[in-house]
Amino acid sequence: MKARGGNRRLVLTLGGAAAGMFAFAYLLAPLYEVFCELTGLDSERLSRASEPAGLAQAAEIDQNRVVKVEFLTHTPNPAAWDFEPGELSIEVTPGRAAETRFWARNLLQHDVISVTRPAVRPIEAVSHVSKQLCFCFEEQPFAAGERRELPVRFTIDPDLPAHVDTVTLAYTLFTAQPG
Amino acid sequence: MSETTQAREHHDGPHATGIRRWLTTTNHKDIGTLYLVFSLVMFLVGGTMALIIRSELFQPGLQLVDPHFFNQMTTMHALVMIFGALMPAFVGLANWQIPLMVGAPDMALPRMNNWSFWILPPAFLLLLATLFMPGGAPAGGWTLYPPLILQTGDAFPLVVFSLHLLGASSILGAINIIVTITNMRAPGMGFMKMPLFVWTWLITAYLLIGAMPVLAGAITMLLTDRYFGTSFFLAAGGGDPVMFQHIFWFFGHPEVYILILPAFGIISQVIPTFARKPLFGYTSMVVATSAIAFLSYIVWAHHMFTTGMPQAGMLFFMISTMFIAVPTGVKIFNWLATLWRGSISFETPMLFAIAFVVLFTIGGFSGLMLALVPADIEYHDTYFVVAHFHYVLVPGAIFGVIAGVYYWLPKWTGHMYDETLGKWHFWLSTIFVNVLFFPQHFLGLASMPRRIPDYSVQFTEFNMISTIGAFGFGLSQLLFVWMLIKCVKGGSRASAEVWDQPQGLEWTVPSPAPYHTFETAPRV
């Protein structure tokens, strides 16, 4: 048997490694976001206003290309909210801004605030959608029983991969956590 | 080697008797026994839960339990079997055997060893107590996916704390095993002379230290999401529930190798003894085990193909997963080559080892099918997945444990076990485990979803067969318990060698192994 000092050093190293792995679990949260940003899977940017990319070659926009954009809505709390798209799908020319609207109604007898998380599929399209206007950029207050139109203005970038002919914009509406 | 003050303190003089012996023991053999008995009790508890699940599934419709309780059973069955039955069984075998196999007088850190075991009973008290709490036990599956798991009732913090304790226990156990293997090998036993059970446990211990803290982190995040206003996994607050799956499976995939690598080690001890040949390809076994351990850290997202992932990601995780078949294939080849032209005899440990090789390979092949993205999207969350992981865990990991118990039991008790009873246990277990799990492949391919208490009528026949297999398998384990009690109480005397010229230091000490062994280090 080696000296007890050898045991102590090894125990401390291994214990330190275990503590390090615990910290690593927490590090995975920011790493996950950095990874998504680097790989263009950054759904967070869909929650911010952004200018359309690829417009430098606007002259080369293929006027004949049409992308079908579908709208999807969901709320985990259907007893509190009616939430639906104004139209199920539209046809969009890449590079040209498009507009649509959604409808939400607060079914409760008191004022509430909504928060909406956007998503885009297929995943290759995530980095090619930019939004100039969206109700998902900030929390939306609703009075008791209020029904309101929620507009969205977005652009599909012309450099959207050619094999993508349908893009789905999905929105999930939550009641904002108090505080 | 044993002439240190530490060793003398713990090994000389009479030890306490009665309950105090077990509460205060620092002896690796006592602690090994505690782990093994605890694991057997948990195996029977988890098995009872499985029988409740299979009884409800005997026919379509809801007969015995309400769906919420059914979901509690599937969740608790998994947690109890993984953390209560399998992991403590392997740690118990490690405690008994590693010091005997490397020629050490005890584990390196005997007091910590006592602590690692005695954390377990309170942890399971917390976990099992949740069954009686308002809102019931966790029912969202052992994978604890948010947001579903956050709907657990008052039991939620107890589940988290019990998993924290179980994690702490395994990490302490793993540190102890690494220190023992690194610092306490007998003179002359280099790393490449260690028995394979010791090798696989060394690698498993490193996996435990890498993986368990990540689970602890993930469940702590769940806890703060629910009670302290954080939003790691809550979409409404800007978090992402899919991130939980990434963190969970970063722990979860190494975990499945934690559950199987020690069994590989046991099989690599048993087959050479009964084939009367040295293990074929010792070095390649060590390299293959290390390769599997490394690969286990880079394949986690193959559990999540249906969450939506870029094609490059799916390809990476599919191909890296399929790579695992290569080192695993090397191991299976080596076991077969060890058998080749050996003078084989079929005592009970050998029968379980051979069944392990055959049936684990079936589980491995269905795993390979699940690795293929297009197929997996079809199989995901069906009974095919249930059939797959039960094949690798029941006739895989559990048969490994059982083979090890039969193999070393005469060394522990000093008596031969009842061979007739052992053979009956083997044949009934092996037949019924296939009756139990094989039809589940067909159910899965016909797309019966997992984790449901009711199902469409076309699935009835295979479910009935499976339930009959479950009761057959469950009741056969009572033979195992009977055999264990008989062997502890008496039986023909076992010689020091027990088997026909087995290799390894554990066979150089008398049977039963004296309370203190290798106080003077053997030379290898």
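So that the names make sense, note that chain A is the first sequence line, chain B the second, and so on, each numbered from 1.
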(request) Report the option among B/Thr180, B/Val179, B/Ile247, B/Leu208 that has the most heavy-atom pairs separated by less than 4.5 Å from atoms of chain A. (result) B/Val179

(message) If we ignore hydrogens and angles and just use 3.5 Å, is the side chain of B/His28 paired with the main-chain N or O of B/Asn95 as donor and acceptor?
(response) yes

(message) If I measure from the heavy atoms of chain A, does B/Ile175 come under 4.5 Å with its side chain, its backbone, both, or neither?
(response) both

(request) Measure centre to centre between the rings of B/His246 and B/Phe250, then say whether the value is under 6.0 Å. (result) no

(request) Hey, could you give me the CD1/CD distance between B/Ile258 and B/Glu255, rounded to the nearest 0.5 Å? (result) 4.5 Å

(request) Could I get the full list of side-chain hydrogen bond (donor to acceptor under 3.5 Å, both in side chains) partners for A/Arg153, not counting sequence neighbours? (result) none

(request) Below 4.5 Å from any heavy atom of chain A, which atoms of B/Met309 appear? Answer side chain, backbone, both or neither. (result) backbone

(message) Which one wins on heavy-atom pair count under 4.5 Å against chain B: A/Phe174, A/Tyr32, A/Phe24?
(response) A/Tyr32

(message) Taking 4.5 Å as the heavy-atom cut-off, does anything in residues 163-173 of chain A contact chain B, and if so which residues?
(response) none

(message) Heavy-atom cut-off 4.5 Å, strictly under: side chain, backbone, both or neither for B/Asp240 against chain A?
(response) side chain

(message) Using only atom types and a distance under 3.5 Å, with no angle test, would you say the side chain of A/Arg148 pairs donor to acceptor with the backbone of A/Gln140?
(response) no

(request) Look at A/Glu70 together with A/Lys68 and state whether they make a salt bridge at an N to O cut-off of under 4.0 Å. (result) yes

(message) Can you confirm whether A/Glu87 is buried at CD, in the sense that more than 12 heavy atoms of other residues, nucleotides or ligands lie under 6.0 Å from that atom?
(response) yes

(message) For B/Phe251 together with B/Trp300, are the ring centres under 6.0 Å from each other?
(response) no

(message) At a 4.5 Å cut-off on heavy atoms, which part of B/Thr220 comes close to chain A: side chain, backbone, both, or neither?
(response) both

(request) Could you tell me whether the side chain of B/Ser290 reaches within less than 4.5 Å of the side chain of B/Ile203, counting heavy atoms only? (result) yes

